[in-house]
Amino acid sequence: MDFLSDIPPAAIFAAVVGTVVIIAGILFNLRWALASFAIMAFAASISYSIDPYTDTLIPTLFTPVQLYRNFIYMFGGGLCYLAMLAHAGKLNATSINQTGLFLIGIAVIGGAFRILNGYVEAGLLSLGLAVFSIIPLTLIVPNLLERREQVYMLMRWVLLVMGIWIIMNTVQFLVNPGVLYPADSGRFQGLTGNPQFAAVLVSFSTVCMTWVALNDPVKIIRIFAVATAAALAICLVWTGSRTGFGMAVIGLGIIFASRIGQLIWALPVAGIFAVVFLQFVSGEVGSLNPEQLFRTNDTRSSMWGVQIETFLANPLFGTGNPNRAGASENSYLLAFSAFGIFMGTMVLAFMVLSGMLILKLFRNRKHEDRLGRSMSDLAMAGIAMYFAGALLEGCIMSRVHSATVYLVITATIGHRLLATRAERLAHNAEALPESDTEADYHEDESVYLPDSYETPQENVWDPEEDWDGDEYAEERLAY
């Protein structure tokens, strides 16, 4: 408990009071489990940084929180377990989807292989994280999305987490900005471990905040999301990460593919917030050097060669530790080099089946209403970003990573959409007269919407509102 001595008593008191409130809320209402999810998302958004020249910790105002992020992450998972125990009768224990099963498998097998290779402490920590974070995360999120409109509340909690993250970085910037970006590179890393980690986090959150700005029915939430997305976009450019920038392009491209009209109003508003943010930081930073995003030098192929050589030297069980794999610049090669052929094959299967999930969502999209289509876009964007980023980063093999949290969110949304449509089709098939043909059945599949598919009246857009270009408003009212 020595780390408590570095935390102000007021902060400790606030944390204790907040924990008591969250526990009380969870015991009375399952929706409070969203707070436990938010704690996990927050813990995954921070990390400590080591000075590469002195091999010492770079201190910040929030060093104790950064150092114990793993335990904060598991604490959030423990609160998820509390919610599951308190509301066992309301939860579906079989709701863990394909994505969740793969993430659990990767975490458990990774922990076991660490132990087999002699890294007992690291292996036990991996197993602990699997039990107290990955399992509850992949179980609680599907149960919090039983109704489609609950996606709004889930994404608002993500907005809250990223708002807190921006505030923490802003406070640190005002006190000692130098720790937010290494002097040798000038690339933003914020309160994370390095610019690449920050870029992956910011790319995912920028896409999610853009989705909130385009879809949330509450105007003030949309405005807050635009401001947050603008600040995050500046941070993304500041990281100078081509990986993060490419991921954001993929995600935003999918989100805006069918929304060019809304892009017209979103860009100027985001631009205003971006200019304000630039004015705030320009005096200290000078230039964000966006040209770093368009560097043509190769920083990956030599690392991939090291990973391949490491795998060939240890094909069955790998090195047992990603830190001993020589490099981590590719999740797929890292799976082979760190944990051997079985883990590598499992990760490749994960990628292929997730690609098939994207294809199913794309084909199903035409059968959805406006909210369903926007949810499909978010799900496809998140999944595509995760596996594209994994080509250049070791996020799949990381024990605590923001990319994992965002994958669980977006993939769960996708699985839920497909499951809901399957329920709808099954119900319609039972309701059809025997003389009806299969073609008639498919034409009439939208006549029934199960309870989990209904959109409450307060979340339905009014076609008379100032939501320009909403040609789907009448369709949503019909539901």
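Keep in mind it's a predicted model, so treat the numbers as computed, not measured.
No more than 12 heavy atoms of other residues, nucleotides or ligands shown are found within 6.0 angstrom of CZ on F342. The local environment of CD1 in I341 is sparse, with at most 12 non-hydrogen atoms from other residues, nucleotides or ligands closer than 6.0 Å.
No side-chain heavy atom of M209 sits under 4.5 Å from any side-chain heavy atom of V226. Annotation: side chain of L101 is not in contact with side chain of N97 (no heavy-atom distance under 4.5 Å). Using a 4.5 Å heavy-atom threshold, the side chains of I39 and I72 count as touching. Considering only heavy atoms from C-beta on, I223 comes within 4.5 Å of K219 through its side chain. In this structure, V179 and L191 have side chains that are not in contact, with every pair of non-hydrogen atoms separated by 4.5 Å or more. Side-chain contact between F75 and M40 is absent, with no heavy-atom pair separated by less than 4.5 Å. Taking the side chain as every heavy atom from C-beta outward, I134 and T404 approach each other to under 4.5 Å. Taking 4.5 Å as the limit, some side-chain heavy atom of C208 sits within range of a side-chain heavy atom of Y406.
Residue pairs that meet the ring-ring contact (aromatic ring centres under 6.0 Å, His included) test with at least one member in residues 14-39, sequence neighbours left out, do not exist here. Sorted by first and then second residue, the ring-ring contact (aromatic ring centres under 6.0 Å, His included) pairs involving residues 103-126 (not counting sequence neighbours) are F113-F317.
A donor-acceptor contact closer than 3.5 angstrom is absent between the side chains of S47 and Q66. In this model, no donor atom of one side chain and acceptor atom of the other lie less than 3.5 Å apart for E393 and S331. For the residue pair T239 / Q189, no side-chain donor-acceptor distance below 3.5 Å is found, with atom types taken as modelled.
In this structure, the side chain of N29 does not engage the main chain of G25 through any donor-acceptor pair within 3.5 Å. Put simply, the side chain of R222 gets close to the backbone of D216: a donor and an acceptor are under 3.5 Å apart. Of the possible polar contacts, one joining the N330 side chain to the L391 backbone as a donor-acceptor pair under 3.5 Å is found. Judged by distance alone, the side chain of N314 and the main-chain N or O of T310 form a donor-acceptor pair under 3.5 Å. No side-chain donor-acceptor contact under 3.5 Å links Q172 to the backbone of T60. With hydrogens and angles ignored, the 3.5 Å screen pairs no side-chain donor or acceptor of S398 with any backbone N or O of C395. N364 places no side-chain N or O within donor-acceptor distance of the main-chain N or O of K360, the cut-off being under 3.5 Å.
Contacts of F350 classified as ring-ring contact (aromatic ring centres under 6.0 Å, His included), with partners at least two apart in sequence or in another chain: F102, F387. By the side-chain hydrogen bond (donor to acceptor under 3.5 Å, both in side chains) test, S126 pairs with R114, R399, sequence neighbours left out. Remark: H401 engages no residue in a side-chain hydrogen bond (donor to acceptor under 3.5 Å, both in side chains) (not counting sequence neighbours). Checked against ring-ring contact (aromatic ring centres under 6.0 Å, His included), Y386 has no partners two or more places apart in sequence or in another chain. Contacts of Q150 classified as side-chain hydrogen bond (donor to acceptor under 3.5 Å, both in side chains), with partners at least two apart in sequence or in another chain: none. For T206, there are no side-chain hydrogen bond (donor to acceptor under 3.5 Å, both in side chains) partners two or more places apart in sequence or in a different chain. Every side chain to side chain contact (heavy atoms under 4.5 Å, CB included) that A379 has, sequence neighbours left out, goes to L361, I413. For F188, the ring-ring contact (aromatic ring centres under 6.0 Å, His included) test picks out W238, with sequence neighbours left out. Every residue two or more places apart in sequence or in another chain was checked for a ring-ring contact (aromatic ring centres under 6.0 Å, His included) with F339, and none qualifies.
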Identify each donor-acceptor pair in which a side-chain atom of residues 78-88 lies under 3.5 Å from a protein atom, sequence neighbours left out, and give them as a table.
from	atom 1	to	atom 2	distance (Å)
Y81	OH	V131	O	2.4
H87	NE2	I26	O	2.5

